[in-house]
Colleague: 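Take this structure, written in structure tokens, and hold onto it; I'll ask about it next.
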Number of protein chains: 2
Amino acid sequence: MGGCFLFTRLTRSPSKNCPIEASLNLIGSKWSFLIIRELMIDGTLRYSEIQRNLEGISPRTLSAKLKLLEQSNIISKKVYPEVPPRVEYSLTKFGEKLEPIFLELKNFGLTLQN
Amino acid sequence: MGGCFLFTRLTRSPSKNCPIEASLNLIGSKWSFLIIRELMIDGTLRYSEIQRNLEGISPRTLSAKLKLLEQSNIISKKVYPEVPPRVEYSLTKFGEKLEPIFLELKNFGLTLQN
DNA sequence: CCGGATCCCTTGTGATACTG
DNA sequence: CAGTATCACAAGGGATCCGG
């Protein structure tokens with residue numbers, strides 16, 4: 001019903017175990033998506049590189065999102081004991097499993113061009 | 001580099017034409033995702049049904065997100081001139097193109113169970 | 001009686017300045 | 001360089017109200 005040809009494959013799991021919601025609880029903000037996108041494209045990035053690529057993000061928000069993503073084991077943080085400090089972020093093996101989502105986001109976005 | 005096996009397929013388009021960002025500009029909030037999920041599963045829903053299914057959303061936010069999604073042509077709104085009023089929301093053909101994204105969100109969410 | 005609009009208050013986010 | 005501190009504002013939750 002409703003014209004949704006995939007409804008038999010996309011079901012809402014009973015009471016708070018919905019896998020879609022679980023995914024969104026990990027990555028469900030625009031900045032989180034874009035940070036992950038950066039790391040998918042470039043592999044490893046420093047704090048300032050992410051900040052430069054994501055025009056408009058404030059350092060406060062960037063720190064907060066990086067911390068959340070690290071706690072969720074989606075990205076990993078490597079601190080080099082140098083002066084000046086160097087910190088590199090990259091996707092974990094777990095985080096790389098998000099790539100199909102991003103490819104579909106890209107595919108949809110490409111349909112917006114015309 | 002970086003261990004991201006799809007990096008050759010997932011590229012950042014030059015300067016503000018990134019299709020991933022374009023997608024996120026349309027649906028990039030948790031509530032928007034969840035409203036769309038509801039309509040993908042059930043096809044057509046009334047305002048109060050969406051509100052009941054999305055435990056925790058406020059009427060203010062629900063109205064705002066519905067309005068945005070309608071303006072983006074992702075959902076359509078049908079008002080029945082009855083008393084008491086009845087308003088039904090459903091995905092547009094365009095909105096149905098988002099389904100692959102949600103299937104991948106579901107697939108990823110299912111890997112979180114263990 | 002349903003679909004919102006309005007009000008008030010809390011929480012999140014942006015900009016800028018600043019520090020180890 | 002990689003963040004934190006601070007302030008101002010926007011977004012969101014919750015209750016209440018109201019026109020059709």
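Sequence lines set the chain letters: A, B, ... in the order given, protein chains first and strands last, and positions in each chain run from 1.
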Colleague: Using side-chain contact (heavy atoms from CB on, under 4.5 Å) as the criterion, list what pairs up with A:Ser63, not counting sequence neighbours.
Modeller: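 Partners of A:Ser63 by the side-chain contact (heavy atoms from CB on, under 4.5 Å) criterion, ordered by chain and then number, come out as A:Tyr47.
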
Colleague: Not counting sequence neighbours, which residues clear side-chain contact (heavy atoms from CB on, under 4.5 Å) with A:Val83? List them please.
Modeller: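 With sequence neighbours excluded, A:Val83 shows a side-chain contact (heavy atoms from CB on, under 4.5 Å) to no residue whatsoever.
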
Colleague: Not counting sequence neighbours, which residues clear side-chain hydrogen bond (donor to acceptor under 3.5 Å, both in side chains) with A:Asn25? List them please.
Modeller: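 side-chain hydrogen bond (donor to acceptor under 3.5 Å, both in side chains) check on A:Asn25 returns B:Lys30.
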
Colleague: Which of residues 64-88 of chain B have a heavy atom under 4.0 Å from DNA chain D?
Modeller: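 Under 4.0 Å from DNA chain D: B:Lys65, B:Pro85.
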
Colleague: Test of understanding: with side-chain contact (heavy atoms from CB on, under 4.5 Å), list the residues that count as partners of B:Thr61, not counting sequence neighbours.
Modeller: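 Applying side-chain contact (heavy atoms from CB on, under 4.5 Å) to B:Thr61 gives B:Trp31, B:Ile57, B:Ser58, B:Lys65.
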
Colleague: How would you summarise protein contacts on nucleotides 13-18 of chain D per nucleotide, using B for base, S for sugar-phosphate only and - for none, with heavy-atom distances below 4.0 Å?
Modeller: BBB---

Colleague: Would you confirm whether A:Glu49, through its side chain, and A:Arg46, through its main-chain N or O, come within 3.5 Å as a donor-acceptor pair?
Modeller: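 Such a contact is found between A:Glu49 side chain and A:Arg46 backbone.
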
Colleague: Residues in side-chain hydrogen bond (donor to acceptor under 3.5 Å, both in side chains) with A:Ser72, at least two apart?
Modeller: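 A:Ser72: no side-chain hydrogen bond (donor to acceptor under 3.5 Å, both in side chains) contacts found.
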
Colleague: Mind listing the closest non-hydrogen atom pair of B:Pro100 and A:Glu104 along with its distance?
Modeller: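 Looking at all heavy atoms of both residues, the closest pair is CB-OE1, 3.2 Å.
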
Colleague: How far does the helix from C:dC1-D:dG20 to C:dG20-D:dC1 bend, going by the axes of its first and last five pairs, to the nearest 10°?
Modeller: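 Rounded to the nearest 10 degrees, the bend comes out at 30°.
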
Colleague: Between A:Ser90 and A:Gly43, which heavy-atom pair has the shortest distance, and what is it?
Modeller: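 Here A:Ser90 and A:Gly43 meet closest at CB-O, 3.3 Å.
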
Colleague: Where the side chain of B:Thr92 meets the backbone of B:Asn73, is there a donor-acceptor pair that is under 3.5 Å apart?
Modeller: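 Yes; judged by distance alone, with no hydrogens or angles, the pair exists.
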
Colleague: Base, sugar-phosphate or nothing for B:Ser63? Non-hydrogen atoms, less than 4.0 Å.
Modeller: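 Counting heavy atoms under 4.0 Å across all strands, the contact made by B:Ser63 is with sugar-phosphate only.
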
Colleague: Walk along DNA chain C from 5' to 3' and tell me the first and last nucleotide with an atom closer than 4.0 Å to a non-hydrogen atom of chain A.
Modeller: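 Boundary nucleotides touching chain A, in 5' to 3' order, are C:dT13 to C:dG20.
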
Colleague: How long is the straight-line distance from CD1 of B:Ile75 back to CG of B:Leu45, given to the nearest 0.5 Å?
Modeller: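 The CG atom of B:Leu45 sits 10.5 Å away from the CD1 atom of B:Ile75.
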
Colleague: Identify, with sequence neighbours excluded, every residue that meets salt bridge (charged side-chain N to carboxylate O under 4.0 Å, His left out) alongside B:Glu88.
Modeller: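 With sequence neighbours excluded, B:Glu88 shows a salt bridge (charged side-chain N to carboxylate O under 4.0 Å, His left out) to B:Arg86, given in chain and number order.
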
Colleague: Can you list every ring-ring contact (aromatic ring centres under 6.0 Å, His included) pair that touches residues 57-95 of chain A, not counting sequence neighbours?
Modeller: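 Qualifying pairs: A:Phe94-B:Phe108.
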
